[in-house]
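Numbering of ligands and ligand atoms starts at 1, following listing order.
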Amino acid sequence: MKLIGFPPSPYTARVMLFARLKGLDLTRESPPGGLHSPEFKAINPIGKIPVLQTDDGQLLPESSVICEFLEELHPQRPGLPGTAQDKARARLIARVYDLYAAAHSTALMRQVGVADADQKARAAALEGLAAGLAHVERHMADAPYAAGSQPSLADCALLPPMVQIRRVAAPMFGLADPTSGTGRIARWWKTMESDPVFAEFAAGYDKAVQGLVEKRLAGA
Ligand SMILES: N[C@@H](CCC(=O)N[C@@H](CS)C(=O)NCC(=O)O)C(=O)O
């Protein structure tokens, strides 16, 4: 199995981290011909990464669906632990982030390196992102992991965007950093920093995000 995606993509990172949490060997490859190429359009006509390619050649887009597929294949491994309620909470955190916060974070990422960026759109994205994160926070467990006492899909969904926010929305655009202070996201972030698997992944992903930011600032 391989995952088609780019390292700075938070959705690609979600799947790579979930696979790591489950102890699965998943290699990543860039979209053949590039993201906007006819080759990649044949793989995913929606034109989005990531896409999972199974060993028998099946193609599966959408990061949450890919994670659920890996979970179905290996339910005995870590990923979605606990009761039905625990699993629902993990899924809900990922879903709420995707539905109510993700688009705003993407909008801000797209403004990096844009000299005449739309200030109204930026303000709306900052407001929307803060509101979306507050919704996420309301559904999080008190500690230590996002959905409870064990790591789950929820941590894998939240870690990449939070790394992005710490690099872009907070320092560059003035969003109140959700990982500092006393809120649930801040307490959860401390767990991410002290858990070797998540901390190592966050460091690597941060480098990928930093690389993208530098490229955009340089106008590439
Ligand atoms: N809902 C999708 C979102 C994927 C997504 O938006 N991927 C971005 C990269 S982070 C992408 O492929 N963007 C390319 C484009 O919009 O042209 C998922 O969860 O996989």
Where ligand 1 meets P50 - atom numbers and elements under 4.0 angstrom, heavy-atom basis: 20 (O)
Atoms in ligand 1 flagged as close to P10, the criterion being non-hydrogen separation under 4.0 Å: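 Checking each atom against P10, I get 10 (S).
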Pair E71 + K22: basic N to acidic O under 4.0 Å: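 K22 and E71: salt-bridged.
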D86 bridged to R91 by N-O distance under 4.0 Å: no
Whether Y100 and H135 hold their rings parallel, tilted or perpendicular, with breakpoints at 30° and 60°: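 It falls in the perpendicular class, over 60°.
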Can you report which non-hydrogen protein atom sits closest to [atom], along with the distance?
atom: atom 10 (S) of ligand 1; answer: S9 OG, 3.2 Å
atom: atom 6 (O) of ligand 1; answer: K48 CD, 3.5 Å
atom: atom 14 (C) of ligand 1; answer: L35 CD2, 3.5 Å
atom: atom 20 (O) of ligand 1; answer: S63 N, 2.9 Å
atom: atom 17 (O) of ligand 1; answer: H36 CE1, 3.4 Å
atom: atom 2 (C) of ligand 1; answer: E62 OE1, 3.1 Å

Heteroatom distance test (I49, ligand 1): nitrogen or oxygen, under 3.5 angstrom: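 Yes - when backbone and side-chain N and O of I49 are compared with those of ligand 1, one distance drops under 3.5 Å.
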Backbone N/O of Y145 and side chain of D155: donor-acceptor pair under 3.5 Å: no
Atom of L153, atom of C67 and distance for their closest heavy-atom approach: CD1-CB, 3.6 Å
Considering all heavy atoms, the nearest L21-G79 contact: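 Where L21 meets G79 most closely, the heavy atoms are CD2-CA, 4.1 Å.
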Non-neighbouring partners of T27 that pass side-chain contact (heavy atoms from CB on, under 4.5 Å), sequence neighbours left out: K2
Within-shell test, R110 vs ligand 1, heavy atom, strictly < 4.0 Å: yes
